[in-house]
Amino acid sequence: MAFEIENGVLKKYTEEQGVTEVVIPDSVTSIGFGAFSCCSSLKSVTIGNSVTSIEDSAFSWCSNLTEIKIPDGVTSIGNWAFSHCSSLTAIEVSENNENYASIDGILYSKDVTELICCPCAKKEVVIPDGVTSIGNRAFEDCRSLTEIKIPDSVTSIGDKAFNYCKSLKSITIPDSIKSIGNEAFYGCKSLE
């Protein structure tokens with residue numbers, strides 16, 4: 001079996017040759033730390049409604065993962081859950097989820113005041129007015145990102161928010177910004 005499940009926690013998924021789509025079993029309530037990390041063949045993962053938490057780095061480095069859907073019951077998503085997923089174009093959230101929302105495939109808090117995670121394959125981003133914070137590592141490794149528009153409602157940019165956005169040439173920081181985290185633009189080699 002490809003899944004290692006212990007007390008409802010999916011601890012590890014082991015890739016099987018030729019498998020590009022995975023449906024997480026209903027017995028899983030939590031996707032554990034790094035459970036799918038470095039699964040290079042996966043393109044699609046369906047998360048069941050029984051899942052309530054996605055832990056840190058759960059899907060990190062899944063280089064061919066293009067889309068992921070967050071169901072109603074997910075109440076927590078850990079740090080870097082989707083980091084370094086270079087083909088990821090959309091994180092879709094069920095409209096009935098009480099904690100998270102997605103706009104244009106980007107993950108936000110339900111009230112759309114915090115931008116939590118931008119999929120790595122996004123090229124252009126317009127952050128909606130009303131967002132007040134860009135979270136830690138929110139755009140990390142978005143290597144194709146060339147343009148971003150930040151509204152005047154944003155007051156803070158988190159640590160390493162734009163880490164390794166290698167194609168980003170310019171960014172306009174609005175007057176509303178009161179804090180910029182450590183290494184917010186680290187590795188942005190094209191930034192002029």
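Taking all atoms of both residues into account, the shortest heavy-atom contact from Glu140 to Asn163 is OE2-ND2, 3.0 Å. Pairing each heavy atom of Ser153 with each of Val131, the nearest pair is OG-O, 2.7 Å. Taking both residues in full, the closest heavy atoms of Ser144 and Ala121 are given as CB-O, 4.2 Å, listed atom of the first, atom of the second, then distance. The two atoms that bring Ala58 and Ile31 nearest to each other are CB-CG2, 3.8 Å, heavy atoms only. The two residues Val112 and Ile103 come nearest to each other via the heavy atoms CG1-CD1, 3.7 Å. For the residue pair Tyr13 and Cys39, the shortest heavy atom distance occurs at CD2-SG, 3.5 Å.
Partner Lys122 forms a side-chain contact (heavy atoms from CB on, under 4.5 Å) with one of Thr146, Asp104, Ile148 and no other, that one being Asp104.
Judged as a salt bridge (Lys or Arg N to Asp or Glu O under 4.0 Å), the pairs with a partner in residues 182-192 (not counting sequence neighbours) are, in order, Lys160-Glu183. Residue pairs meeting the side-chain hydrogen bond (donor to acceptor under 3.5 Å, both in side chains) criterion with at least one member in residues 28-45, sequence neighbours excluded: Glu15-Ser41, Ser30-Ser53, Ser30-Glu55, Ser37-Ser60. Each ring pair (Phe, Tyr, Trp, His ring centres under 6.0 Å) pair with one or both residues in residues 46-86, not counting sequence neighbours, appears once here: Phe36-Phe59, Phe59-Phe82, Trp61-His84.
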Just do the side chain to side chain contact (heavy atoms under 4.5 Å, CB included) check on Leu191 and Phe162 with the steps written out, would you?
CA-CA 11 Å; Leu191 198 60; Phe162 295 93; over 6 Å; no
Can Thr46 and Ile24 be said to form a side chain to side chain contact (heavy atoms under 4.5 Å, CB included), step by step?
CA-CA 6 Å; Thr46 301; Ile24 295 175; over 6 Å; no
Test side chain to side chain contact (heavy atoms under 4.5 Å, CB included) applied to Ile47 and Ile54, step by step:
CA-CA 10 Å; Ile47 299 173; Ile54 300 170; 3.9 Å; yes
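Remark: Glu98 engages no residue in a salt bridge (Lys or Arg N to Asp or Glu O under 4.0 Å) (not counting sequence neighbours). Checked against side chain to side chain donor-acceptor pair (under 3.5 Å), Asp72 has the following partners two or more places apart in sequence or in another chain: Ser94.
Interatomic distance, OG of Ser190 versus CG of Leu145, reported as 11.0 Å (0.5 Å rounding). Rounded to the nearest 0.5 angstrom, Cys62 SG and Leu42 CG are separated by 6.0 Å.
Side-chain rings of Tyr164 and Tyr186 approach one another, their centers coming within less than 6.0 Å.
Val9 and Phe33 sit in two unconnected hydrophobic clusters of ILVMFWY residues. Membership requires side-chain heavy atoms under 4.5 Å apart, directly or through other members. Ile134 and Ile116 fall into different hydrophobic clusters, where Ile, Leu, Val, Met, Phe, Trp and Tyr are joined by side-chain heavy atoms under 4.5 Å apart, directly or via other members. In this structure, Leu115 is not a member of the same hydrophobic cluster as Ile77, with clusters built from ILVMFWY side-chain heavy atoms closer than 4.5 Å. Linking ILVMFWY residues whenever their side-chain heavy atoms come closer than 4.5 Å, directly or via other members, leaves Val125 and Ile91 in distinct clusters. Residues Ile106 and Ile127 share a single hydrophobic cluster, defined by chaining ILVMFWY side chains whose heavy atoms lie under 4.5 Å apart.
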Pairs under 3.5 angstrom only: tabulate donor-acceptor contacts from the side chains of residues 166-180 to other protein residues two or more places apart or in another chain.
residue	atom	partner	partner atom	Å
Ser167	OG	Arg143	O	2.5
Ser176	OG	Asp152	O	2.6
Ser176	OG	Val154	O	2.6

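No more than 12 heavy atoms of other residues, nucleotides or ligands lie within 6.0 Å of NZ in Lys123, so this atom counts as exposed by the packing criterion.
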